[in-house]
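Here is the structure we will look at.
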Amino acid sequence: MDVSLKKKSNKEYIAKKCRHERIIDWGFLTPCLVTLALCAAWPLLKTIYFSFTDAELDNLSDFCFIGIENFIDLARDQDWWVAVRNTFVITVVAVPLETVLGMIIALILHRNFKGRGWMRAIVLIPWTIPTIVSARMWGWMLNDVYGIVNEILIQIGLIETPIPWIASNALSILSIILVDVWKTTPYMALLLLAGLQSLPQDCFEAAEVDSIPFGRTFFKIVLPLMKPTIAVAMIFRGLETFKIFDLVYILSSGNTETATMSVFARKHLVDYADVGFGSAAATFLMFFIAFLAVFWISFNKRKLQKQG
């Protein structure tokens with residue numbers, strides 16, 4: 001009888017302790033949740049709400065509820081589909097390039113050599129520069145009148161006349177991709193380097209002792225083990241690239257033919273003062289990114305489970 005009472009007392013003590021710990025956990029989480037609610041949830045809900053209205057920027061207190069009319073107009077807007085195409089092109093081209101180059105850099109920085117610490121710091125410089133600064137810098141460098149890029153290409157004989165890297169719509173998209181790759185490849189290299197360092201190092205040592213070629217080691221050992229890390233890195237970069245704004249806006253000056261979905265939404269929200277239509281574009285972009293994230297995570301999770 002005493003044993004059963006003792007067990008019951010222990011269970012009650014454990015349950016009470018768990019409740020106390022949960023209260024402490026929620027106490028620590030509450031400030032963070034309140035901050036998120038004020039800084040993210042409320043503006044987000046407000047944007048979604050405005051997407052179903054005809055609100056305008058000069059008078060946000062006077063608007064009418066118009067249902068899904070903004071979304072219907074968005075689907076009929078040719079400029080919107082141009083922005084969607086541009087966003088997809090930039091993402092589909094830039095993210096794989098950044099992943100491949102980031103992996104090459106990560107493999108180099110993973111090796112032991114003199115000055116590796118300095119090299120890691122130098123590689124991160126493009127990523128640490130604010131986007132608005134790097135975009136303006138590249139805008140000057142790619143200028144077809146006084147840009148240094150054209151000057152170098154002319155001096156080495158690759159071209160005879162300056163190329164309008166930013167003035168031309170097709171070349172402007174290419175320039176945006178190249179600048180984005182230059183800036184964010186170090187970020188991908190950092191993520192992939194962290195993944196390489198978490199791998200069991202005895203695999204590399206065994207391959208080196210057996211004199212296995214590096215290419216075979218990479219494709220048979222490194223790449224299969226790195227697949228989860230690569231998937232996560234590509235998800236992060238893909239989501240960031242889909243909402244790219246500042247780089248495109250500065251390099252192309254908000255040109256309709258080179259605008260992305262974020263630039264399109266900003267143009268209607270601010271330049272045209274059409275809060276309802278601009279909020280519809282922003283809401284669509286948000287839900288589209290959320291759908292891609294859920295789909296990509298579920299797809300890779302299922303794929304890894306099959307492989308396991």
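All residue numbers refer to positions in the sequence shown, counting from 1.
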Those residues at least two apart in sequence (or on a different chain) that pass ring-ring contact (aromatic ring centres under 6.0 Å, His included) with Phe71 are Phe52
- Between the side chains of Lys243 and Thr260, does any donor sit under 3.5 Å from an acceptor? no
Test item: Asn70 side-chain N/O and Thr53 main-chain N/O as donor-acceptor pair under 3.5 Å
yes
Quiz question: by atom type and distance under 3.5 Å, do the side chains of Glu98 and Thr185 form a donor-acceptor pair?
no
Asn150 versus Trp165, side-chain donor and acceptor atoms under 3.5 Å: yes
**Item:** Centroid-centroid distance, Trp80 to Phe284, less than 6.0 Å
**Value:** yes
Open item on the list: For a side-chain contact (heavy atoms from CB on, under 4.5 Å) check, start with the C-alpha distance between Asp144 and Ile166, then their side-chain angles and the critical distance, and finish with the verdict.
Closed with: CA-CA 8 Å; Asp144 56 337; Ile166 300 174; over 6 Å; no
Are Tyr249 and Arg266 close enough that a side-chain donor and a side-chain acceptor fall under 3.5 Å? yes
Sorted by chain and number, sequence neighbours left out, ring-ring contact (aromatic ring centres under 6.0 Å, His included) with Phe236 holds for none
- Query: Is the Phe63 to Phe50 ring centre distance short of 6.0 Å?
  - Reply: yes
To the nearest 0.5 Å, atom CG of Leu192 lies from atom OG1 of Thr99 at 7.0 Å
- Does the Asn86 side chain pair with the main chain of Glu257, one donor and one acceptor, at a distance under 3.5 Å? yes
Under 6.0 Å between ring centres: does that hold for Phe88 and Phe288?
yes
Q. Judged by atom type as modelled, is there a donor-acceptor pair below 3.5 Å linking the side chain of Thr87 to the main-chain atoms of Phe242?
A. no
**Report entry** Leu45, CG: over 12 other non-hydrogen atoms inside 6.0 angstrom
**Finding:** yes
Practice task
Indicate, with yes or no, if Tyr146 and Leu251 share a hydrophobic cluster defined by side-chain heavy-atom contacts under 4.5 Å among Ile, Leu, Val, Met, Phe, Trp and Tyr.
Solution key: no
Notebook entry, point to check: Are the side chain of Asp180 and the backbone of Ile176 linked by a donor-acceptor contact shorter than 3.5 Å?
Noted result: no
Arg120 side chain vs Leu109 backbone, donor-acceptor pair below 3.5 Å:
yes
Practice task
Taking Ser168 for its side chain and Pro164 for its backbone only, find out whether a donor-acceptor pair lies under 3.5 Å.
Solution key: no
Applied to residues 124-138, the side-chain hydrogen bond (donor to acceptor under 3.5 Å, both in side chains) test, sequence neighbours excluded, yields none
